[in-house]
Amino acid sequence: METATSPLQSALQSTSPTLSFSSFSRDVTVPLENFIVQLRRGQITEAKDIAKRTAVLMRQVVANSRWDDVLALVNLLKFVGKKLVAAQPRELLIVNIVCRIIHIVNEETSSVELIEDPSKKSATPKSATSPVKGTETPMMGLGQSGAFMAQNLGEQLTSTLKKRTMDMFRLKSSIIQEITEYIEELEGTEDDIADKALEHIHSNEIILTCGRSRTVEKFLRTAARKRKFHVIVTECAPMYDGHEQAKALACPNIEVVVIPDSAVFAIMSRVNKVILGTRVVMANGGLIATSGTHMIAAAARHHSTQVVVCAGQYKHSPSFPFDDDRFNTLVSPDAVLPYREGDLVGAVDVAYPRYDYVPPELVDVLVDNTGGHLPSYLYRLLQENYDSAKDFAWTIHDQ
Amino acid sequence: MSDNKSTISVPDIPQAGGATAGDSKENPHTAPQTADSAAAKKEKEERRRLKEAELKLKGIDIGSKKPQMTKAERRALQEKQRAAKQPKQGKQQQSSGVGAGVGASVGSGAGVGASVGAGVGAGTGAGSSSGGRDSRDQRQEANGQQHVATAHGKDAKINMDNRVVLDDKRMHLYLHLDLPQHPPTSASALFYGYPLDNNDTAAAEHGTGDVGLFVAGIKNAAFPPGPQVVVGMPKEDYVAAEAKEPVTVKGVSPSGVPVVAKLRDAIPPFSSEPGHRTIVKPTGNLLGISIHPRIKEVGLRMAAMEIASSNARTIAALNAFIDFINDYNTPSDTVLNRNLTWHLSAQLNFLVYQRPMCIGMGNAIRWLKNEIAKTSASIQDGEAKIKLTSAIHDYIKERITAAGDVIAEAGAQKIQDGDVVLTYGASSTVQRLLIAARDMGRRFRVVVIDSRPENDGRKLVRELVEAGFSDLSSGAAPSDTPYDSPTHDIRSSGRGRSTVNNGITYAPITALSFIMREASKVFLGAEAFFANGSMLSRSGTAIVALAARSYHVPVIVSCETYKFSERIQLDAVVNNELGFPDTLMYKAGIPDAEPVGPQSDPALSEMEYSAYARDRYSAHPRWNNRSALANSSAIESSTTSAASALKKGKSARSVAPVETTRETKTLKHLNTQCSLSNWRSDRSLRLVNITQDVTPPEFVSVIITEVGMIPTTSIPVVLREYKNQI
């Protein structure tokens with residue numbers, strides 16, 4: 001009887017496709033709409049921005065929307081998550097964060113309940129994550145009870161409701177606190193990763209990197225406080241991310257050399273270590289990284305050079321790369337074959353993918369904010385960070 | 001910020017950036033160091049003017065809360081500030097005598113320029129390190145060489161024409177040769193080289209320039225705009241480096257002169273020198289021998305990368321040698337087979353000095369020398385010449401052209417209907433092969449992979465398009481799944497023709513692993529094969545071959561046997577040719593391959609360019625130059641001035657903009673847009689443009705030669721066979 005209201009509501013919400021923005025207050029809808037528009041226009045591209053903003057938005061959803069049940073909350077989060085994914089379907093980071101937040105909600109719920117109701121172990125747990133069997137509804141229960149029972153029932157209901165409200169309030173605040181902690185963790189990701197730099201970089205090493213990665217930049221910069229080494233940066237034409245990276249890295253302790261993308265193989269024989277950034281780490285340990293990365297990793301493998309990938313845990317995706325094109329996107333060919341080459345533009349196809357899929361066997365170490373891992377160990381981390389929330393990532397693209 | 005500054009005493013300028021303010025503050029300290037009193041006086045005057053301007057500015061500052069300074073005024077002020085701090089910079093450079101690379105060569109270059117009187121040489125050097133005319137002036141001042149205005153005027157004029165070389169004499173030479181001012185396509189259209197001439201007094205004056213390699217920008221390479229950069233090491237450094245580790249290349253350089261780029265100079269772990277190509281100016285046996293005009297022409301064209309491919313270079317050199325031999329007359333006191341070889345070496349030295357020989361060319365020339373040596377001393381000159389010329393013609397035909405035909409025909413057999421043939425860069429043999437297959441009626445798709453900075457894949461694409469490769473008649477309908485649907489197949493939609501069995505796909509080398517999945521065969525051209533089976537080729541070839549291998553796609557290399565070398569090379573670092581590093585900078589705001597050139601006003605081209613509709617990424621701040629334009633005040637100012645120039649007097653601003661040269665505009669533009677534009681000023685940052693690459697033998701499935709299809713392991717066998725023939 002105590003669990004009465006929740007299944008009904010959640011049943012209603014999960015079955016009805018009409019869960020809409022009306023469930024949210026303006027405090028949620030406005031930033032949500034803003035974020036969606038920016039995602040759609042591709043105005044937010046930096047990985048951490050996207051991650052952080054998604055997490056902040058999720059916190060707003062938790063704080064400012066109507067839910068009196070954990071399942072309802074999870075549904076709300078999923079609903080928002082789907083909206084975001086629809087805005088930018090190839091952005092795996094959003095999915096990661098949504099999964100993570102759902103996981104945080106689940107964790108919090110179970111821990112709160114453990115503290116609150118140690119006595120009610122015998123009864124069916126009211127955890128929202130375990131859906132109630134049958135079609136029993138509270139209304140039916142109420143209808144079946146006699147009128148003489150009404151007063152008693154009413155009392156019971158009010159007392160449980162009061163308790164529930166208190167529980168929910170406590171739960172809400174602890175979820176918000178957890179998410180806040182997570183956001184803080186997100187912010188400190190680069191620093192946490194950079195702390196491990198000295199384990200990986202030795203003096204006078206020649207390190208090769210590619211593309212623009214703030215994580216790698218901080219990693220190398222941190223190492224450069226103690227050690228002196230050389231960094232070779234491939235320019236990643238026609239994005240020229242490498243140029244910016246080179247500019248950002250150049251400092252007295254780091255001698256930076258920019259090479260064209262084509263010279264990677266030639267120079268690899270002199271490289272001691274390849275340190276890469278990535279957009280996303282897939283569930284099998286493979287990477288979705290800026291295009292050109294795959295061939296760099298392959299060249300490194302050919303020369304038996306270690307490949308170290310720096311990526312925060314928020315980049316770990318629960319999805320498997322069964323079809324890696326799905327996570328890729330083709331960008332404007334103008335950069336590759338300028339429109340000025342008028343006669344050619346009409347005659348040829350230009351392929352310029354934004355990302356590369358790097359298979360896990362080319363990656364030696366994944367460094368995240370907790371330490372270094374093998375790509376094969378990733379499943380364990382995913383279990384810890386997402387657990388059952390992985391379902392969201394696995395089903396998101398199904399509809 | 002500005003409140004603070006207005007309280008600071010005189011030398012600080014409220015509107016200046018922090019660095020500028022600091023610099024101008026230091027001015028008084030540097031002033032006493034100047035030996036030149038005239039310069040000091042000038043500086044003083046400058047400072048006085050600066051002070052005035054600043055006071056005026058302050059007045060405005062106090063008067064209104066916001067600093068109401070027109071753009072023109074601000075620019076004038078900045079101009080003055082720059083002028084004020086320049087002598088100091090120049091002196092620093094001078095006094096510290098910073099040896100590394102450009103800085104040092106600038107010193108000598110400036111001296112030379114002064115002595116020649118044209119002032120262009122100096123300009124070249126100075127421009128390279130800090131860019132722009134102002135800094136050029138400053139260097140000259142620093143050297144105590146006060147140049148008259150006319151010299152500058154001349155200088156500037158030449159800049160605009162964009163055909164500057166080092167001084168009048170050389171410019172004359174280039175003009176005489178009638179090199180096209182704007183060589184097609186290649187972004188690396190540079191002059192590497194030094195026109196050598198006995199009568200060239202300037203060469204003699206370049207006593208210090210013995211090792212200096214002069215690079216003159218014809219097109220594109222022009223950063224900073226105008227005459228190009230002097231590249232090279234000062235003699236002392238060079239000699240020191242040489243003493244440590246002499247580099248000689250067997251068979252390539254007749255006089256044992258090191259001719260190859262020394263990568264240890266370029267890659268920091270091996271040296272602290274910036275990436276320079278150093279070639280020793282030929283000396284010694286050249287005295288008394290003049291360079292044949294045809295050889296000169298060919299050499300300069302090679303230096304300008306106009307004749308760039310291995311085959312083209314070899315044929316051009318051999319043809320030039322035919323003319324040379326025909327014009328040659330044996331002096332009465334010697335015999336042809338001795339004297340001609342000697343003369344030939346001189347010519348060769350010149351060629352090598354312009355650009356190091358490729359292996360095929362080296363082989364051909366070795367063969368030619370052998371032929372000359374074999375010529376009997378008893379026969380007449382005329383007869384010997386006829387013999388030699390016909391032998392050379394035969395060589396070209398047998399080993400290069402006919403061989404190419406055989407390769408094209410044999411290679412075309414390997415292409416089947418429905419194949420997706422991937423190739424890299426622009427190889428003439430591969431091009432012929434593809435066209436031959438097409439002529440045989442095969443229907444296949446070609447994927448051309450290209451890379452910066454040469455982008456010569458575009459050349460191949462153009463040739464193929466002309467040969468009718470992109471037949472648009474049977475384009476597939478684009479898929480109707482919306483672009484951002486998760487099920488949208490990026491391989492088929494939007495790229496309508498890619499699913500059809502003809503057509504061309506063009507992709508940058510970063511897209512290699514994406515596109516390699518579609519390929520069924522990889523055809524590559526080679527610059528040379530070494531005896532161990534490794535392939536020397538344009539940089540990037542190895543990575544293409546590696547990708548093909550990891551995707552299990554056969555790699556078929558077409559290569560004439562004359563390019564086989566008995567040398568063994570294991571990796572690309574030991575011996576390589578370095579391209580001009582500045583070509584790695586990209587054109588500001590436009591994510592295009594070519595660096596900015598002085599002939600195109602960036603502001604104008606920018607405006608013109610942003611008119612094009614981009615795809616959905618146009619909102620991306622990095623890919624959309626409109627946003628970039630809006631962000632940058634420097635560009636804004638240059639666009640306004642450009643716009644006003646367009647409108648002919650209908651200036652948007654009431655105050656006419658202070659005279660800003662095109663160079664400074666370009667420079668400003670680059671500084672705000674290209675993150676590497678002033679890389680030379682950063683001691684810990686350098687660009688290295690490696691142009692060659694060695695592909696391990698295991699990546700190559702088969703080599704198509706005129707003697708058949710052979711594995712890489714058979715190269716020594718072929719080499720031995722041919723050795724017997726010679």
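Just so we're clear, the structure is a prediction, and the values are computed from it rather than from any experiment. Note that these values count all heavy atoms, side chains included, but never hydrogens, waters or copies made by symmetry. Here is how names work: the chains are called A, B, and so on, in the same order as the sequence lines, proteins then strands, and each is numbered from 1.
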May I ask you to test the A:L276-A:S213 pair for a side-chain heavy-atom distance under 4.5 Å?
no
Out of A:L249, A:I259, A:V85, A:N253, which one racks up the most heavy-atom pairs below 4.5 Å with chain B?
A:I259
Heavy-atom distance under 4.5 Å to chain A: side chain of B:V694, backbone, both or neither?
backbone
A:C210, part contacting chain B, at a heavy-atom distance under 4.5 Å
neither
ring-ring contact (aromatic ring centres under 6.0 Å, His included) filter on A:F265, not counting sequence neighbours, yields A:H302, A:H303, B:F699
Report which part of B:S539 has an atom under 4.5 Å of a heavy atom belonging to chain A: side chain, backbone, both, or neither.
both
Which answer fits B:E466, side chain, backbone, both or neither, if we ask what part of it has an atom under 4.5 Å from a heavy atom of chain A?
neither
Please list all pairs passing the ring-ring contact (aromatic ring centres under 6.0 Å, His included) test where one or both residues lie in residues 272-292 of chain A, with sequence neighbours left out.
none
Any donor-acceptor N or O pair under 3.5 Å, side chains B:R538, B:S451
yes
Please rank B:D682, B:I509, B:I543 by heavy-atom pairs under 4.5 Å with chain A and give me the top one.
B:I543
Main chain of A:T234, side chain of A:D261: is a donor-acceptor contact present, judged purely on distance under 3.5 Å?
no
